[in-house]
Amino acid sequence: MTATPTPAAAESADLQIEEETTAIARKRHNEAKAAERKLGLLLVSPAVVIMLAVTAYPVLYAIWLSLNKADLRRPNDNHFIWFSNYVTVLSSPIWWTAFGVTALITVVSAAFELALGMILAIIMHRTIVGRGLVRTSALVPYAIVTVVAAFSWRFAWTQDLGWLAPKGSAPLTSFWPSIGIIILAEIWKTIPFMALLLMAGLALVPEDLLKAASMDGASAWKRFWMVTVPLIKPAILVALLFRTLDAFRIFDNIFILTSGSNNTSSVSMVTYSNLIRGLNLGIGSAMSVLIFITTGIIAFAFIKLFGAAAPGADPGGRR
Amino acid sequence: MAEIVLEHVVKRYPDGALAVDDFNLDIADGEFIILVGPSGCGKSTTLNMVAGLEDITAGKLIIDGQVVNDKAPKDRDIAMVFQSYALYPHMTVRENMGFPLRLAGMDKQTIRQKVDEAAELLELTQHLDRKPANLSGGQRQRVAMGRAIVRQPKAFLMDEPLSNLDAKLRVQMRTQISRIQKSLGTTTLYVTHDQTEAMTLGDRVVVMRAGVVQQVGTPAHLYAHPSNLFVAGFIGSPSMNFLPGQLKGGGTVVTALGEAQLPDRSRRALDGASGDREVIVGIRPEHFEDASVVGDKPGATFDAPIDIVEAMGSDVYAYFTVKGEGASSAELDELAKDTGNDLHGTGLSITARLDAASGVRRNSTAKLWYDTAKLHLFDASTGKNLLEAN
Ligand SMILES: Nc1ncnc2c1ncn2[C@@H]1O[C@H](COP(=O)(O)OP(=O)(O)OP(=O)(O)O)[C@@H](O)[C@H]1O
Ligand SMILES: [Mg+2]
């Protein structure tokens with residue numbers, strides 16, 4: 001640099017300094033982030049170790065089985081067949097029907113659960129009188145064992161006996177009514193769970209923000225969409241993720257309500273039939289691995305797609 | 001811009017707490033009104049009723065000649081600045097400030113322009129794309145102000161908007177708020193705890209206590225003519241000194257400072273109240289003076305055993321204690337609690353503000369004078385100012 005810098009040179013020097021300090025600040029920030037991440041990994045490691053010890057063996061064994069011809073009816077015929085089981089499963093219409101049914105149940109029930117769960121959460125959040133009673137009674141469906149509840153649903157929809165079945169009809173004997181009833185049972189059972197998670201989110205929205213929004217001219221509807229929903233997005237995502245993964249593995253309700261008749265089997269039902277009833281360990285294992293992969297993809301997609309809304313992911317979203 | 005009238009407004013919360021009782025106030029168009037009072041006296045409640053965030057139990061709220069008791073906040077066209085700022089964390093500064101305009105359905109271009117103007121006024125231009133979490137306290141405060149001013153509402157309501165700032169920033173923002181209010185000429189209702197804000201910002205000040213309005217007036221009027229003990233003690237810093245005393249028939253008062261003859265004007269104001277009676281005498285610190293500096297102005301003198309002297313440059317604060325019980329009343333007790341000045345020592349502590357030329361020394365006795373024309377006399381039981389005819 002010269003002894004008497006020209007204004008332009010001084011300016012460019014300033015600019016350079018600014019860039020350099022920004023770079024340093026960014027580097028520090030990243031280092032701090034890395035250290036934090038390291039601590040995080042350290043903290044979860046005991047849990048991970050236990051998880052691995054308990055689940056790794058069955059998972060790995062299932063993967064191994066899925067690559068073998070392993071049919072308990074022909075125990076002497078076991079041998080390694082690479083991906084033949086997968087080819088069999090993925091080219092079977094039974095699998096794809098079940099997959100479609102499962103996806104349908106998952107999407108529809110998760111959507112309804114979110115909407116109704118949100119309404120219930122708001123009611124529970126807003127009630128002043130008899131708060132305890134409202135919350136307790138809202139939780140009753142979640143407290144009932146699914147199988148027991150499923151039996152009462154089945155009874156309620158049984159021809160001539162059930163109090164819900166229209167006279168002379170047997171809704172559980174045809175496809176669409178069965179699917180509807182299965183979804184209904186799922187929704188009824190899990191709304192409280194959804195509502196609880198969402199209510200935890202609602203409790204985090206400062207009262208002042210909603211007051212400010214109404215002063216700014218927002219109606220209740222706009223306050224909900226423009227202030228509450230963006231602020232509880234993390235809670236919504238967690239609730240949706242849990243429910244989607246859960247719903248995709250639906251088993252007990254279908255098992256009791258229809259036993260998979262009229263093509264109402266879910267992927268878990270089909271897997272069960274092959275594995276336990278059909279004693280075909282190879283095919284069954286291939287199916288469970290496929291379910292495992294699908295749920296993995298769903299979870300990954302959720303996190304990737306909505307990751308930016310997760311708490312801490314957005315530097316400006318810190319509260 | 002609007003005229004706001006509160007007529008016999010009462011607020012009782014569902015749990016039975018009476019937060020505001022019979023509140024009456026006429027706020028003129030463009031006026032800056034300050035609500036002060038100790039914690040829990042109902043300031044925020046009053047403000048929230050005007051905002052529409054709390055419903056009005058009884059009475060009428062009239063904005064521009066229209067009763068608005070049952071209007072929703074969004075239909076009152078009033079902007080509010082919260083103590084917590086209440087900025088939307090998921091929006092940038094620009095989005096925060098533009099939010100009321102967006103809700104009003106303005107087009108993007110106009111919103112942009114108005115937000116830019118407001119940002120310019122509040123020196124926020126370079127922060128427009130940041131999120132509130134990344135701003136300093138003062139910047140957040142200005143964003144909250146900006147959100148209130150962009151839409152040019154009928155009135156501003158502010159609930160202790162500066163109380164989360166440090167002292168220096170508070171002074172800075174105080175002048176800025178004053179400037180903005182003057183230039184926009186928007187009717188403003190401002191709640192504060194702070195003496196200085198109350199005395200410097202407002203056109204008129206409303207002093208509240210336990211939900212009841214004590215006095216309404218210009219800062220100068222409240223200072224010179226407090227209507228009761230509570231207002232006298234609340235307004236002014238350092239606060240008024242109170243001494244128990246007896247009022248004698250001939251227009252003399254006897255206190256721990258000795259006997260003082262009241263001037264004719266005060267005697268006339270007391271007319272009719274003959275006979276001896278118990279009173280509380282109030283003297284503001286600046287109405288004391290070093291007797292040697294005063295000359296022969298009318299007043300009374302006494303000997304003060306000075307404990308502490310603080311030279312402030314322009315004047316000198318002298319602290320001393322005189323014998324006797326402190327003046328006691330429910331109102332004074334409440335004031336003491338509010339200021340955290342709850343010391344019941346022996347004797348009576350008095351603060352005097354003297355001329356810088358005064359030669360008072362610490363731990364020595366000085367001859368002090370006080371202005372008998374500026375004495376305040378309060379009824380010992382009701383706390384009413386006996387010299388003010390209301
Ligand atoms: N939601 C409520 N329910 C019942 N009582 C309330 C409620 N809000 C306030 N109060 C009571 O009303 C009175 C006035 O409260 P308010 O918040 O108006 O006081 P304030 O003057 O703003 O005090 P501060 O200076 O501490 O903010 C208090 O005694 C308070 O306990
Ligand atoms: Mg308050």
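Owing to the predicted nature of the structure, the values given are computational and were not obtained by experimental measurement. All values below come from the heavy atoms of this structure, side chains included, with hydrogens, waters and symmetry mates left out. Proteins come first, then strands; the chains are lettered A, B, ... in the order of their sequence lines, and each starts at number 1.
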If you count every heavy atom of other residues, nucleotides or ligands that lies below 6.0 Å from [X] atom [atom1], does the total exceed 12?
X	atom1	result
B:Y13	OH	yes
A:F112	CZ	no
A:F224	CZ	yes
B:E120	CD	no
A:E18	CD	no
B:K60	NZ	no
B:R112	CZ	no

Out of B:D77, B:I78, B:N48, which one racks up the most heavy-atom pairs below 4.5 Å with chain A?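 That would be B:I78.
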I'd like to verify something: which residue of B:L87, B:V81, B:T92 has the highest number of heavy-atom pairs under 4.5 Å with chain A?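 Heavy-atom pair counts peak at B:L87.
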Applying salt bridge (charged side-chain N to carboxylate O under 4.0 Å, His left out), can you list everything that pairs with B:E160, at least two apart in sequence or on another chain?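 Partners of B:E160 by the salt bridge (charged side-chain N to carboxylate O under 4.0 Å, His left out) criterion come out as none, since no residue qualifies.
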Residue A:K211 versus chain B: region with a heavy atom under 4.5 Å: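 Both backbone and side chain of A:K211 come within 4.5 Å of chain B.
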Atom CG in A:D208, atom CG in B:L53: separation rounded to 0.5 Å?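 Nearest 0.5 Å value for the CG-CG distance: 9.0 Å.
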If we ignore hydrogens and angles and just use 3.5 Å, is the side chain of B:H90 paired with the main-chain N or O of A:V229 as donor and acceptor?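 A pair under 3.5 Å: no.
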Under the side-chain contact (heavy atoms from CB on, under 4.5 Å) test against A:M215, which residue among B:R76, B:K74, B:M80 passes?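 It is B:M80; the other options fail the test.
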Please report the closest heavy-atom contact between A:L209 and B:Y88, naming both atoms and the distance.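 Closest pair (atom of A:L209, atom of B:Y88, distance): O-CE2, 3.7 Å.
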Quick check: under 4.5 Å, non-hydrogen atoms only, which of residues 99-111 of chain B neighbour chain A?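 The list, in residue order, reads B:F99, B:P100, B:R102, B:L103.
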